[in-house]
Amino acid sequence: MTNPPILHDPAALRLPEGEAAKKLFIKTYGCQMNVYDSERMAEAMGSKGYVLTETADDADMVLLNTCHIREKASEKLYSDLGRLRALKRKNPEMKVGVAGCVAQAEGEEIRRRMPLVDIVVGPQAYHRLPAMVEAGGPQVDTDFPAEDKFEHLPQRKGYRGPTAFLTVQEGCDKFCAFCVVPYTRGAEVSRPAERLLREARELVARGVREITLLGQNVNGYHGAAGGAESWTLGRLLRSLGEIGGLDRLRYTTSHPNDMDDDLIAAHGDLPQLMPYLHLPVQSGSDRILKAMNRKHTRDQYFRLIDRIREARPDILMTSDFIVGFPGETDQDFEDTMDLVRRVNYGAAFSFKYSARPGTPAAEKAGVPDAVADARLQALQALLQSQQTAAQAQMVGREISVLYEKTGRYPGQMVGKSEHLMAVHVEDGAGAIGDLVRARVTAASANSLAAVLLPG
Ligand code: 5AD
Ligand code: SF4
């Protein structure tokens, strides 16, 4: 079992005097918030002498940070645990932990199904992980504790790399009929603004130039800020914009109903806010939007996109879609295709509906599998053609690129454009973390090639 290494500098972790490092392997499934949580868990375990390793084979502890959003994501945990059995037989001292949303949803059940698991820890309790490991023996903690986990986690001293995630809000009160998030991540909670500004400054001090604010419902952010009034996401972004050296800001994931006027305006007047917005709509049919409990119509969504594009004409819109929701007719699906044609997305994720235990929609019968498959294929073909066109449109344009890694060939750097497109630049003198100007010379479906422009 291997996984891309987490951006995290083991050398920066201080080990207790005279203690040999123990090796921790983390596999992260699912969304960007899980990536962020994995980093924070690695930092927390660092204080107990654990350093990250890139394969499970030589690990003293394996931690699986799981996703519960669709059935397939959930089932992956059990196939991975099955494979870990052989490893644990060879090394009975190895600890196995399950974190994340499957841990929250299934708790004790995971240990019943897979007794090799030592620790089950939910997404709100992982600051307790080091103590659980130290205590030894099997442990399950799926509390929603009163204390703030972020206040009990070490500072971000080991962070390395030019881009970082920063969780500003967690949980969701929207209760879309298909979604487990309100149950696994709990009610909406926003982190206080000063603490976020402090964490952002810590990251910038470590060389971070781009921060993506994370939340299941990030634009619903309403964090305490000392005064009587809480801050909105727009207010928080504007304050982050004042941190010198923080060149780029992004946020994800948003709900259409929480795009307020100031946040829309920020897309026009806050230079650090990148022209990219992930705004899931899920369906283009009013009937299905209602059945999904999305609480807006397709027309309201169109009007919102018009206002966002008025504020920032070159913004690249992306979205999530679900096909085969219970009751979805051919006409409903046509409405989704029509919405996609009208909005014209730069990229999007689309999924076949997956019934999740405990959600209201799970009570209803979905559409036949073959029908859902055909719809998914048609939708993905349309979205792919829009993505390819959006990429092709960049050819000839001057863009900025933040280098994240070296390329496959000598003298080549790879980074992201303002529109979050992957860009390959010929730049023999380039270094990770450089922010450069470049002109796009060629485009493929998933990346751009560009030449460096002076200064
Ligand atoms: N089935 C399929 N897709 C789902 N999503 C959330 N729940 C489900 C489900 N039960 C999708 C939505 C959401 C994205 C993160 O995952 O499109 O925006
Ligand atoms: Fe799930 Fe997003 Fe709906 Fe919240 S707004 S219930 S996270 S799909």
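Quick note: numbers below take in every heavy atom, side chains included, and nothing from hydrogens, waters or symmetry partners. Each ligand, and each atom within it, is numbered from 1 in the order the structure gives.
For the pair K27 and F25, the cation-pi criterion (under 6.0 Å, within 45° of the ring axis) is not fulfilled. With a 6.0 Å cutoff to the six-membered ring centre and a 45° limit on the axis angle, R195 does not count as a cation-pi contact of F150. Taking the centre and axis of the six-membered ring of F351, the NZ or CZ atom of R70 falls inside the cone set by 45° and 6.0 Å.
H255 and H296 have perpendicular rings, their planes meeting at more than 60° on a 0 to 90° scale where under 30° would count as parallel.
Residue-ligand proximity: R185 is placed with every non-hydrogen atom at 4.0 Å or more from ligand 2.
Checking D320 against H278 by side-chain atom types alone, a donor-acceptor pair falls below 3.5 Å. Looking only at atom types and distance, the side chain of S74 has a donor-acceptor partner in the side chain of R356 under 3.5 Å away.
Between N257 and R294 the shortest side-chain heavy-atom distance does not fall below 4.5 Å.
Taken to the nearest 0.5 Å, the CG atom of D262 stands 9.5 Å off from the CD1 atom of I264.
If you number the atoms of ligand 2 from 1 as listed, the ones under 4.0 Å from a heavy atom of H255 come out as 5 (S).
E71 CD: 12 or fewer foreign heavy atoms inside a 6.0 Å radius. Within a 6.0 Å radius of CD in Q377, no more than 12 heavy atoms belonging to other residues, nucleotides or ligands are found.
Take a cut-off of 2.8 Å around atom 1 (Fe) of ligand 2: the protein N, O or S atoms inside it are C179 SG.
For ligand 1, the 4.0 Å heavy-atom shell takes in I69, R70, F178, Q282, D320, I322, F351, K352, Y353, S354, R356, ordered by chain and residue number.
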